[in-house]
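No hydrogens, no waters, no symmetry mates; every other heavy atom, side chains included, goes into these values. To find a chain, count down the sequence lines: A is the first, B the second, and so on, and within it residues start at 1. For clarity, every value in this text was computed on a predicted model and none was experimentally measured.
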Amino acid sequence: MEKIIEVKNLVKHYKKLEAVNGISFDVFKGEIFGLLGPNGAGKTTTLEIMETLRKKTKGEVLIDGLSIDKDQSKIKGIIGVQLQSAGFYPNLHLDELIKLFAGLYNVEVNPEEILKSVDLLEKRKSKFKELSGGQKQRFSIATTLINRPKIIFLDEPTTGLDPQARRNLWELILKFRDLGTTIMLTTHYMDEAEILCDRVGIIDKGKILVIDSPDNLIEDLLKRGFTRNRTIKEATLEDVFIDLTGKDLRDE
Amino acid sequence: MNKYSQIKALLAITKGSLTGLFRNPTAFIFNLVFPLIFIIVFGFISGGGFRMDVAIDKNSDTSNILYTEIQKIQSIKIVRDKTDEEINSELTKGSIEGIIKISKIDDIYEIELTTTTASITGGNILKLLISKIVDNVNLANANLTKKTAELKEQTIEGRKYKTIDFILPGQLGFALLSSGVFGAAFIFLILRQTLVIKRFFATPVSKFAIVCGEGLSRLVFSIFNSVILISIGYFVFGFTLENGFITFINMIILCTIALIIFLGFGFVVSGLATNENSVPAIANLITLPQFLLAGTFFSISNFPEWLQPVSKILPLTYLNNALRKISFDGATIIDVMPEIGVLVLWGVIVYLIAIKTFRWE
C-alpha cells in the first residue's frame, strides 16, 4: 500500500513536559487511521505538528512526500484540518464562512454544495454560535473539505456529542473515506475507533504502544488468554439507547 | 496549480471581517454614536456659536455707539447681574473673559478692556473684536461711505469660527483613536482566544496577510463612519469645509494615515492584554489622556503651562490640529506635513513595540 504520511522518531518537548517521545508510524492512502490514547497522551500535539501548526523538537514528518520543515504552505494546501475546539469568525453566516475559507485557500467553491454534503444546507444563513454541538462539528468538517484535500485531520470529532450525533458523524467520515480521502483522526472512544478505523495506533505518555487493525489487536489479546470478567452480552447499553430513542438526529 | 495569492486571502479576510462589523451594532458606538452625542450636545449648548462672557463696569458709559456695537456681536454675552466681587473672582478663574469700561474723555470715547491670563485665547479674541469696533466707529465718524465699513464687517462674519468647527475635528480624531485602539486590540484578542486565528493558520494564508486583512477592514469601516460624521456635521450643523470637496478629501486622507498609526496602538494592547478584561483598562490608558489633553474639547492653550508639553507630545493633538487646519483654514495634506511627520514618528515607535509584543497564541 502507498504511504501518504510518514512520521519518523517525532519528538516534542515543552518547557517541562515531554509530550511526544520519539514516535513513528505511517498512514496509507485512502485509509482511516486512528490515534488512540487517554487525555494528555500526546495525540493533539502529534496531530498539530503534522498539520504544521506546531513546531517539532526532533524527527521527521512527510505529508504526501512534502517535509513539514520546508513545505508548510504546500502541505496546508493539500490537507483539511478540524481543530478540537476551533471558533469561527463572529457574526458571519455559514455560507459566508465557507466563502471566507475559500478565499484563504484560493479556491472557488459553491458554499451550498459543501454545506449540503454535511447536511447543513438549511442552516446556511445561521451563525456558527447558533448551531448545536453536532452541527458545529459537521460545519467544522465542512471547512476541511473546501480545498478538496488529500488528507483530512480530525481531532476528537465526536467528543461531547450525543449517540445520535456521533453515529451521524461516523457515517459522514466513512462517506468521505469512500470518496478516496485519507483520514487521520484522534479519539478516546474505543467503540468509535473499532467502527471507523482501518488501522489504529495506541499512544500513551508520548510513545506508541502498538499499531495494527482493530481486529488484529483484539485477536492478539485473545490469543494471549484474555477473558472478560463478565460474560459478554449480545448488546450494549448504547444499543438499548439507540433502540429506544432512534437514530434520528436531535439537533435540527 | 496556480500560484497562491496572499492578496486574495487578505481580501477574503477583509470582506469577512467587514461583513461582521457592519452586522454588529456595537461596532458603531465608538465610531459614530459617541462622537455624534458630543457634537449634538455641544451644538445645542452654544447654538452653533462661540460665546464669551464679558462684564460691563458699573461706572461705564452705556449710552454710546460703541456700547451698541458691542451688544450686536453674537459671540459676546454681556453679564450684568453680578457684583464687582463676583466679576473679579470669575475673571481670575477665566469664566468671565473680560471687563469693559467705556468712558468719555474730552469727546473721545475710551474703552478700557481688562482680560485675564486664565483665558488667554478668549482675551485675545476679545481684544481683536473690540479693536475692530473701535476701527469701524472711527471709520464711520471719518465720514467714509458706509459701504466700506459694511464690507469689512462682512469679511469678519464670513470667517466666523463656530463651535462645530472646533468640536467636530476633535471628535473625529478621537473616534479614530478609539476605534483604532479598541478595535484592533479586541479583534485580535478575540480571534486568538476563540482559536479563529489557529484555524486560519491551518490554511496557506500568511500572518502578515491576516494582520493586513483585519487592519484594512477596520480602516474601511472607520473611514465609512468618518464620511458619515463629516457629512452630518456639514449638512446639519454647518461644519465649515473651507474648500468644499477638496477639503473633505484631504480630511479623509489624513484620517486614513492617522488610523493606520492608531491601529498600531491596538496591536500593542492586544499583545499586552491577557484577557478581554484587561483590554479596556490598557486601551483607556492610551485613549483617555488624549481625550482630555489633546485638544478634543478645549484648545490646548487653555491648559496650564506645565501641562502643555504633555499635550504637545500626544499624537491625537497633531491629528486634531491638522484636521482643523484642513477644514477651517483650507490647508492641504502637504501643508500639514509637520503634523503628519509627528504622527508617522509615533507610528514607527508604536509598530516597533507592536512587533515585539504581538502574540499569535
Is the [atom1] atom of [X] crowded by more than 12 outside heavy atoms at less than 6.0 Å?
{"X": "B:Phe22", "atom1": "CZ", "value": "yes"}
{"X": "A:Lys205", "atom1": "NZ", "value": "no"}
{"X": "B:Lys356", "atom1": "NZ", "value": "no"}
{"X": "A:Lys136", "atom1": "NZ", "value": "yes"}
{"X": "A:Tyr14", "atom1": "OH", "value": "yes"}

If I measure from the heavy atoms of chain B, does [X] come under 4.5 Å with its side chain, its backbone, both, or neither?
{"X": "A:Gln82", "answer": "neither"}
{"X": "A:Phe153", "answer": "neither"}
{"X": "A:Leu100", "answer": "both"}

Find the one option among [options] whose heavy-atom pairs under 4.5 Å with chain B are most numerous.
{"options": "A:Lys76, A:Lys127, A:His93", "value": "A:Lys76"}
{"options": "A:Glu48, A:Gln72, A:Lys74, A:Glu96", "value": "A:Glu96"}
{"options": "A:Thr52, A:Thr143, A:Leu97", "value": "A:Thr143"}

With B:Phe358, which residues qualify under ring pair (Phe, Tyr, Trp, His ring centres under 6.0 Å), at least two apart? B:Phe188, B:Phe267, B:Trp360
Just by modelled atom types, is the A:Leu104 backbone N or O under 3.5 Å from a matching donor or acceptor in the B:Tyr4 side chain? yes
Rounded to the nearest 0.5 Å, how far does CG of A:Asn106 lie from CD of B:Gln6? 8.0 Å
NZ of A:Lys99 to OG1 of B:Thr19: how many Å apart, nearest 0.5 Å? 9.0 Å
Under a 3.5 Å threshold, yes or no: a donor from one side chain and an acceptor from the other, between A:Tyr89 and B:Ser17?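 Distance-only check passes for A:Tyr89 and B:Ser17.
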Residue by residue, scan residues 195-220 of chain B and write down, ordered by number, those that have a heavy-atom distance under 4.5 Å to chain A; if none do, write 'none'. B:Leu195, B:Val196, B:Lys198, B:Arg199, B:Phe200, B:Phe201, B:Ala202, B:Thr203, B:Pro204, B:Val205, B:Glu214
Given that the side chain runs from C-beta out, which part of B:Leu18 has a heavy atom under 4.5 Å from chain A: side chain, backbone, both or neither?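 For B:Leu18, no heavy atom lies under 4.5 Å from chain A.
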